[in-house]
Amino acid sequence: IELDDESSTDHFESVQSTNWQTLRWKPPPNSRPDAPHIGWRTEFRSMEIQLTDFENAAFTAFMVLISRAILVFHLDILAPLSKVDENMRRAHEVDATRTQKFWFRTQVEPETRYEMC
């Protein structure tokens, strides 16, 4: 199948949907020239299992607070994919939370300070 990557996001969607199950980047939709540009969006996906409706609502509220904090404080939470892969490899070990060490970014503040208005 021949796809034009300039006008279709099928290749991008195919690759990214197989790599990240709990976070998804949504590219801007193809829009009309007179429509506003909405840009890229981030979709947080909840865990595979929720025991109650309250826990699902709590997760949703927590993700809203986290995403707003990231935007307001300009936090730099990028992680090298090699570290993400290593964390995933370790997470699949039996009793990983007690026996494995995971990589976490320790410096999340931006290099330059922003004044809050």
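Shown here is F102, whose CZ atom has more than 12 heavy atoms of other residues, nucleotides or ligands within 6.0 Å. For L71, the CG atom is densely surrounded, since the number of other residues' heavy atoms within 6.0 Å is greater than 12.
Looking at R105 and D76, their side chains come closer than 4.5 Å, going by heavy atoms from C-beta outward. Within the 4.5 Å cutoff, the side chain of L75 has heavy atoms near those of the V108 side chain.
Remark: side-chain polar atoms of E93 are not paired, donor with acceptor, to backbone N or O of R90 under 3.5 angstrom.
Note: the hydrophobic cluster containing V94 does not contain M88 (ILVMFWY, side chain heavy atoms under 4.5 Å, direct or indirect links). Hydrophobic clustering places I77 together with W40 (ILVMFWY residues linked when any side-chain heavy atoms are closer than 4.5 Å, directly or through intermediates). Under the 4.5 Å side-chain contact rule for hydrophobic residues, I70 and F73 share a cluster.
Across A91 and A96, no two heavy atoms sit closer than the pair O-CB, 3.6 Å.
Atom CZ of residue R68 and atom CD1 of residue I66 lie 12.5 Å apart, to the nearest 0.5 angstrom.
In summary, R89 and E86 engage in a salt bridge, as defined by a charged side-chain N under 4.0 Å from a carboxylate O.
Apart from L78 itself, the hydrophobic cluster it occupies contains nothing, where clustering links Ile, Leu, Val, Met, Phe, Trp and Tyr at side-chain heavy-atom distances under 4.5 Å.
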